[in-house]
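Written below as structure tokens is the structure these notes are about.
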2 protein chains.
Amino acid sequence: MAKEILINTRVTRQKVALRQAFEKVGRPLSPEEVWEVASKQVKGLGLATVYRNIKSLVEDNVIVPVELINEAPRYEIAGKGHHHHFRCNDCDKVFELEGCIHNVEKLVPRGYKVQVHHLVFYGSCKECNS
Amino acid sequence: MAKEILINTRVTRQKVALRQAFEKVGRPLSPEEVWEVASKQVKGLGLATVYRNIKSLVEDNVIVPVELINEAPRYEIAGKGHHHHFRCNDCDKVFELEGCIHNVEKLVPRGYKVQVHHLVFYGSCKECNS
DNA sequence: ATCTCTGCAAATGTTTTGCATCAGC
DNA sequence: GCTGATGCAAAACATTTGCAGAGAT
């Protein structure tokens, strides 16, 4: 059953500031990182509020968690279409890759229902490599 | 001698039990999960010991961390060859998938040197799905 | 006997929650 | 004015660390 009930949500300064922080910086940010950025706009912004709004923004699909291993969680603005990432082990930058592979889901046995998949490459980027 | 500094390590019941737990269960386990399994063999096993030994087993390349997004880490026995994972969003268990796709690396632009890649599927497993 | 490893408890770091108050609608 | 959202502090978790004593060699 999909939820049909409309839940009232309010547009608050802090939520706006957080969204803008993600948009402005343009790279995946940890909760504490957005907090620092958004705090410049909203004085006295509470960390708890950041966590609450991150959760809410993820549910609303405004931001998405980034698929990095064994690192503090990071989020980025959603709506960029299906894509994956390349992470440089030398300079620690994360790059977006376009497109995806056909038939990836063939790896999954019968009976398992796939909702999403994530693919990350780790290695050396163009600059660090040369 | 390759090793200049010889570090004494002892074969303890708890370390053996932990390794056997990973081998026996055969799917990625969180620290708490291994702890539950290994505790049956070693009564009174401390969680701190589990963490310490996980770290040591990772260094010895006996187990490897599994690539999950923004979650508590899980580990599995190393040396199984290249494979990927399926994570059930209902029961939170992680399963191993066999094989990989050809040409995955075609997604990566020229100039980038790939060392490894990780692919995870999220969805509903056979049991939760039926 | 030596010295590492263990279990416990306390410490740390991160995320969540309870509650009185503030502020969007 | 309702009532959801906020800020603060405390709570809840997950992981690490200090220490005295147990156990592997």
Side-chain angles (χ1 to χ4, degrees), chain A residues 3-22 28-60 62-76, chain B residues 3-22 28-60 62-76 87 92-94:
Chain A
K3 232 181 198 173
E4 302 275 349
I5 301 170
L6 182 64
I7 299 164
N8 276 336
T9 56
R10 293 171 181 174
V11 180
T12 62
R13 292 176 305 131
Q14 13 296 83
K15 181 174 276 184
V16 171
L18 286 167
R19 182 205 291 241
Q20 288 179 348
F22 279 112
L29 298 173
S30 69
E32 211 178 315
E33 282 176 325
V34 236
W35 177 62
E36 283 167 14
V37 175
S39 288
K40 291 174 187 167
Q41 203 168 324
V42 178
K43 276 272 205 166
L45 175 63
L47 234 197
T49 302
V50 173
Y51 278 99
R52 278 186 284 235
N53 275 314
I54 282 179
K55 189 181 270 183
S56 140
L57 289 168
V58 168
E59 279 167 6
D60 297 347
V62 173
I63 58 173
V64 290
V66 172
E67 67 248 44
L68 298 172
I69 302 175
N70 285 342
E71 291 187 35
R74 292 201 176 107
Y75 304 84
E76 67 180 348
Chain B
K3 249 180 196 168
E4 322 222 338
I5 303 169
L6 182 63
I7 300 166
N8 277 334
T9 54
R10 290 173 182 175
V11 180
T12 62
R13 291 176 306 129
Q14 13 298 80
K15 181 174 275 185
V16 171
L18 285 166
R19 181 205 292 240
Q20 288 179 348
F22 279 111
L29 298 172
S30 67
E32 208 177 319
E33 282 177 322
V34 234
W35 177 61
E36 283 166 15
V37 175
S39 288
K40 291 173 188 168
Q41 204 169 322
V42 178
K43 276 272 207 168
L45 175 62
L47 236 195
T49 302
V50 173
Y51 280 98
R52 279 187 283 234
N53 274 314
I54 282 179
K55 190 179 272 185
S56 139
L57 288 169
V58 168
E59 279 167 6
D60 296 347
V62 172
I63 59 175
V64 290
V66 171
E67 71 260 33
L68 298 170
I69 304 177
N70 295 343
E71 282 190 45
R74 293 181 207 222
Y75 305 84
E76 67 181 348
R87 193 211 128 104
D92 291 345
K93 278 185 188 144
V94 178

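Open room surrounds CD on B:E32; 12 or fewer heavy atoms of other groups in view lie less than 6.0 Å from it.
Note: CG (B:N53) to P (D:dA24) measures 13 Å, nearest angstrom. Whole-Å rounding puts the A:R19 CZ to D:dA5 C1' distance at 16 Å. As a whole-Å value, the separation of A:L57 CG from D:dA5 P is 12 Å. With rounding to whole Å, B:E33 atom CD is found 12 Å from D:dT15 atom P. Distance, A:E59 CD to D:dA5 P: 11 Å, rounded to whole Å. For the pair B:E32 CD and D:dT16 C1', the computed distance is 16 Å after rounding to whole Å. Rounded to an integer number of Å, the gap from A:W35 CH2 to D:dT6 P is 16 Å. The interatomic distance linking A:K55 (NZ) with D:dA5 (P) rounds to 13 Å, in whole Å.
Taking CG of B:L47 as the reference point, atom CH2 of B:W35 lies at 5.0 Å (rounded to 0.5 Å).
For B:V37, the side-chain contact (heavy atoms from CB on, under 4.5 Å) test picks out B:A21, B:V25, with sequence neighbours left out.
The side-chain hydrogen bond (donor to acceptor under 3.5 Å, both in side chains) contacts involving residues 38-59 of chain B comprise B:K15-B:S56, B:Q20-B:Q41, where partners must be two or more places apart or lie in separate chains.
Near-neighbour residues of DNA chain D inside residues 43-52 of chain B, defined by a heavy atom below 4.0 Å, number-ordered: B:A48, B:Y51, B:R52.
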If you restrict it to nitrogen or oxygen atoms, what contacts under 3.5 Å exist between nucleotides 23-25 of chain C and the protein, and what is each distance?
unit_1, atom_1, unit_2, atom_2, d
C:dG24, N2, A:R10, NH2, 2.8
C:dC25, OP1, A:V11, N, 3.0

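Between A:Q14 and A:L45, the shortest heavy-atom distance links the atoms CB-CD1, 3.6 Å.
Using a 4.5 Å heavy-atom threshold, the side chains of A:L18 and A:V50 count as touching.
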